[in-house]
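Notes to accompany the following structure.
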Amino acid sequence: MYWWQKTVVYECYPKSFLDTRGQGTGTIEGIRQKLDYLSSLGTGAIWITPVYVSPMVDNGYDIADYCAIDPLFGTMEDMDRLISDARDRGIRIVMDLVFNHTSDQHPWFLESRKNKENPRSNWYIWRDAKEDGSAPANWRGIFGGSAWTWCEERGQYYLHTFAKEQPDLNWEEPEVRQALYQCAKFWIDKGIGGFRIDAITYIKKPAVFLDGLPDAEDGLVSIHNMTANTPGILDFLHEFRDHTVKGTDLFTVGEANGVSAEELPEWVGENGVFDMLFEFSHVNLEFKKNEIWTRPDSWTISELKEALRNSQENTRDAWYPIFFENHDKPRCVDHFFSEKADRTAAAKVIGMILYTMRGTPFLYQGQELGLNRVCWDNIEMYNDISSIGQYDLALKEGKSQAEALAAVRKFSRDNARVPMPWNREKNAGFTSSVPWLNVHENAEYLCAEQQQANPDSVLSWYRSLAELRRSHSALIDGSYEEALAEDEDILGYLRENEEERILVLANLSEKEKIYEFDEKGYMILLGSYREHTSGKLHPLEAILLCHKK
Ligand code: NOJ
């Protein structure tokens, strides 16, 4: 097994992690100072979202220099120190590669936009206007509005899957690909542990750019439907692999919106292009039904079970990155459960699945504290470029301001980006200055310091789970077999190797459940309620039992 299959990856959103300079935003040094905290969660790798030079239109996902650190986060020396101090503790740093697009302030784009003759003229995706002067196709960018922006200087439109400040690179141009591979190598040479690869399903564009059937009142169609996972993409990615990580011990995990669980075998494993792929079906159930304006409980637990089952099944010969949260998603306690649910029990049941399914757990900053969403009064309080776009689109679709705000509250990426609550001091110990986003309204109760002292807290639960992963090899290399598959509410599975058989039961419903399973010979190792009665699970109860061979 590879090292990254045995560990936990902690996703860190540095801007909101810990400010060591009194500037209101987190720093790289802040991550270094919390390495022991991260170790206690079983972390063996830290995926850091972009810290490169950036105008920060999309909080760093608009990169102006792939090989330099933005002064907001610190210096390259800080980064080198983090890589080396982390390594001393057995933790590798994982960088975020954003190769679908750059910032519009990247020198490559500044040159490309000048005219049609410059050496980098073909590095981005330029097209003439239609005869009437309008955009080459009626595509809507992921953040709302047309995916095309007119450039006066060059007299053409350029394409951007995301914001207009994030022009898409032209992967058809071999020089572009080589330049990107060089940037990846720069980081490989620094001794990092892997790459998370951003928005990778969008790099290949169709040969012709046709108008699509509008899917909303604005007359546009989502670019996702027109370009995601275009045939031919895997050729690019095989080349990427061959020129960068092949032959190293780094791992890659791709962000793969648009790849279904059934397509996973082509993407991951021995003959695939990545080691792991984030596949979103289990966290996008409401989108699948195109019900983003309705409550999340419009899907059933059976559907959630099915999505998880498909991902497990389709990565049997490969490896699965288990995740329930990231910096783009609402907090899991809100996303999967009703407002009435007990937040601590909800956070724990998800934690159990995260740390014990087959695969590498990706724990997102603050998830270990059971943070829930924030509830802000008006759209001006939100920073997320995507929320602002969604809000405008909702108004255009005839929703009221209150309805639009309700959807923003539910889906805003800011829910996951509020500053980490460390202690009960000013600004929850995140900064001595004014934080860039409001701190969580329940920081006082949810902060790490408070939870550390409480053996029943979510933080203590995660530490126990980390300990279990360390001491029970079946949780790492054991086979995976579903148990109680027919039950509508309980997710159950067995993890088994030559030493032991482990049974995990997670009641995902908010009601008591009776189940039938012969627990003879099993010993309970961890349960989210003080007592466990065989054959019965409390609402949201999670238990782990072990049968030694
Ligand atoms: C996916 C990232 O996770 C998200 O935060 C970002 O806005 C887009 N890709 C664009 O890079």
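Just so it is clear, the values below take in all heavy atoms, side chains as well, and ignore hydrogens, waters and symmetry mates.
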Q. Any salt bridge between Arg154 and Asp128, counting N to O under 4.0 Å?
A. no

**Q.** Within 6.0 Å of CG in Asn115, more than 12 heavy atoms from elsewhere
**A.** yes

Q. Out of Asp328, Thr49, Asn383, which one pairs with Arg417 under the side chain to side chain donor-acceptor pair (under 3.5 Å) rule?
A. Asp328

Q.
Any side-chain to backbone donor/acceptor pair from Asn118 onto Glu111? Under 3.5 Å, distance only.
A. yes

Q. What orientation do Phe109 and Trp126 show, parallel under 30°, tilted 30 to 60°, or perpendicular over 60°?
A. parallel

Q.
Pair Asp218, Leu393 - check side-chain contact (heavy atoms from CB on, under 4.5 Å), show working.
A. CA-CA 8 Å; Asp218 58 3; Leu393 184 62; 3.5 Å; yes

(Q) Please determine whether a side-chain nitrogen of the Lys or Arg among Glu217 and Lys396 lies less than 4.0 Å from a carboxylate oxygen of the Asp or Glu. (A) no

(Q) Check Glu313 with Arg316, please: is the shortest side-chain N to carboxylate O separation under 4.0 Å? (A) yes

**Q.** Value rounded to 0.5 Å, distance of NE2 in His282 from CD1 in Ile322
**A.** 9.0 Å

Q: Would you kindly say whether Trp108 and Thr102 are connected by a side-chain donor-acceptor distance under 3.5 Å?
A: no

Q. Counting distance only, does the side-chain N/O of Ser112 pair as donor-acceptor with the main-chain N or O of Arg120 below 3.5 Å?
A. yes

Q | Side-chain (Asp168) to main-chain (Thr161) donor-acceptor, under 3.5 angstrom | A | yes

Q: Taking only Lys NZ, Arg NE, NH1 and NH2, and the carboxylate oxygens of Asp or Glu, determine whether Arg32 and Asp78 approach each other closer than 4.0 Å.
A: no

Q.
For Ser281, is there any backbone N or O sitting under 3.5 Å from a side-chain donor or acceptor partner on Glu279?
A. yes

**Q.** Shortest non-hydrogen contact from Ala443 toward Ala428
**A.** CB-CB, 3.9 Å

Q.
Closer than 4.0 angstrom, basic N to acidic O: yes or no for Asp414 and Arg409?
A. no

Q: Kindly indicate whether a cation-pi arrangement holds for Lys15 with Trp436, taking the cut-offs as under 6.0 Å to the six-membered ring centre and within 45° of the axis.
A: yes

Q) Under 6.0 Å from the CD atom of Gln401, do we count more than 12 heavy atoms belonging to anything else shown? A) no

Can you list, pair by pair, the side-chain donor-acceptor contacts under 3.5 Å of residues 179-187, counting residues two or more places apart and other chains?
from, atom 1, to, atom 2, distance (Å)
Tyr181, OH, Glu239, OE1, 2.6
Trp187, NE1, Tyr66, O, 2.9

Q: Please state whether the rings of Trp4 and Tyr2 are parallel, tilted or perpendicular, taking 30° and 60° as the class boundaries.
A: parallel

Q | Closest non-hydrogen atom pair between Pro50 and Phe73, with its separation | A | O-CE1, 3.8 Å

Q) Looking only at atom types and distance, does a side-chain atom of Glu368 sit under 3.5 Å from a main-chain N or O of Gly366, one as donor and one as acceptor? A) yes

Q) Would you call the rings of Trp47 and His327 parallel, tilted or perpendicular if under 30° counts as parallel and over 60° as perpendicular? A) perpendicular

Q: Classify the angle between the aromatic ring planes of Phe209 and Trp148 as parallel (below 30°), tilted (30 to 60°) or perpendicular (above 60°).
A: tilted

(Q) For the CG atom of Leu277 and the CD atom of Glu266, what is their distance to the nearest 0.5 Å? (A) 11.0 Å

Q) Among Phe362, Phe280, Tyr10, which one satisfies ring-ring contact (aromatic ring centres under 6.0 Å, His included) with Phe323? A) Phe280

Q) Looking only at heavy atoms, which two atoms of Val98 and Asp198 are closest? And how far apart? A) CG1-OD2, 3.5 Å

Q.
Check this for me: does any side-chain nitrogen of one of Asp104 and Lys164 sit under 4.0 Å from a carboxylate oxygen of the other?
A. no

Q | salt_bridge(Arg140, Asp215) N-O dist < 4.0 Å | A | yes

Q: Give the C-alpha distance, both sets of side-chain angles, the deciding distance and a yes or no for side-chain contact (heavy atoms from CB on, under 4.5 Å) between Ile353 and Phe324.
A: CA-CA 9 Å; Ile353 302 168; Phe324 292 93; 3.8 Å; yes

Q.
Are the side chains of Leu308 and Lys305 in contact, using a 4.5 Å heavy-atom criterion?
A. no

Q. Between Tyr202 and His224, is the gap from one ring center to the other below 6.0 Å?
A. yes

Q. Salt bridge (Lys or Arg N to Asp or Glu O under 4.0 Å) between Arg331 and Glu325: does it pass, once the steps are laid out?
A. CA-CA 6 Å; Arg331 294 293 186 175; Glu325 285 189 14; 2.7 Å; yes

Q | Lys204/Glu172 ion pair, N-O < 4.0 Å | A | yes

Q) Can a donor-acceptor pair be found between the side chains of His440 and Asn372 at a distance below 3.5 Å? A) yes

Q: Answer yes when Glu306 and Arg309 have at least one side-chain N-carboxylate O distance shorter than 4.0 Å, and no when they do not.
A: no

Q: Without swapping roles, check the side chain of Asn378 against the backbone of Met381 for a donor-acceptor pair under 3.5 Å.
A: yes

Q. Between CG of Asn284 and CH2 of Trp299, what distance do you get to the nearest 0.5 Å?
A. 11.0 Å

(Q) So does Asp62 get a backbone contact from the side chain of Ser54, meaning a donor-acceptor N/O pair under 3.5 Å? (A) yes

**Q.** Thr149-His160 side chain donor-acceptor pair, cut-off 3.5 Å
**A.** yes

Q: Give a yes or no answer on whether the side chain of Gln105 reaches the backbone of Ala64 with a donor-acceptor pair at less than 3.5 Å.
A: no

Q) Which of these, Asp19, Thr27, Thr25, Thr20, sits in a side chain to side chain donor-acceptor pair (under 3.5 Å) with Thr431? A) Asp19

(Q) Distance check, rounded to the nearest 0.5 Å: Phe162 atom CZ versus Ser386 atom OG? (A) 9.5 Å

Q | Inter-residue atom distance Tyr158.OH - Tyr124.OH, 0.5 Å rounding | A | 10.5 Å

Q: With rounding to the nearest 0.5 Å, note down the distance linking SG in Cys332 to CZ in Arg373.
A: 11.5 Å

Q: Answer yes or no: is there an ion pair linking Arg196 with Asp96, defined by an N-O contact shorter than 4.0 Å?
A: yes

Q: Classify the angle between the aromatic ring planes of Trp171 and Phe236 as parallel (below 30°), tilted (30 to 60°) or perpendicular (above 60°).
A: tilted

Q. Can you check salt bridge (Lys or Arg N to Asp or Glu O under 4.0 Å) on Asp58 and Arg413, steps first, answer last?
A. CA-CA 11 Å; Asp58 186 19; Arg413 303 187 300 177; 3.1 Å; yes

Q.
Looking only at the side chains, is there a donor atom on one of Ser387 and Gln390 sitting less than 3.5 Å from an acceptor on the other?
A. no

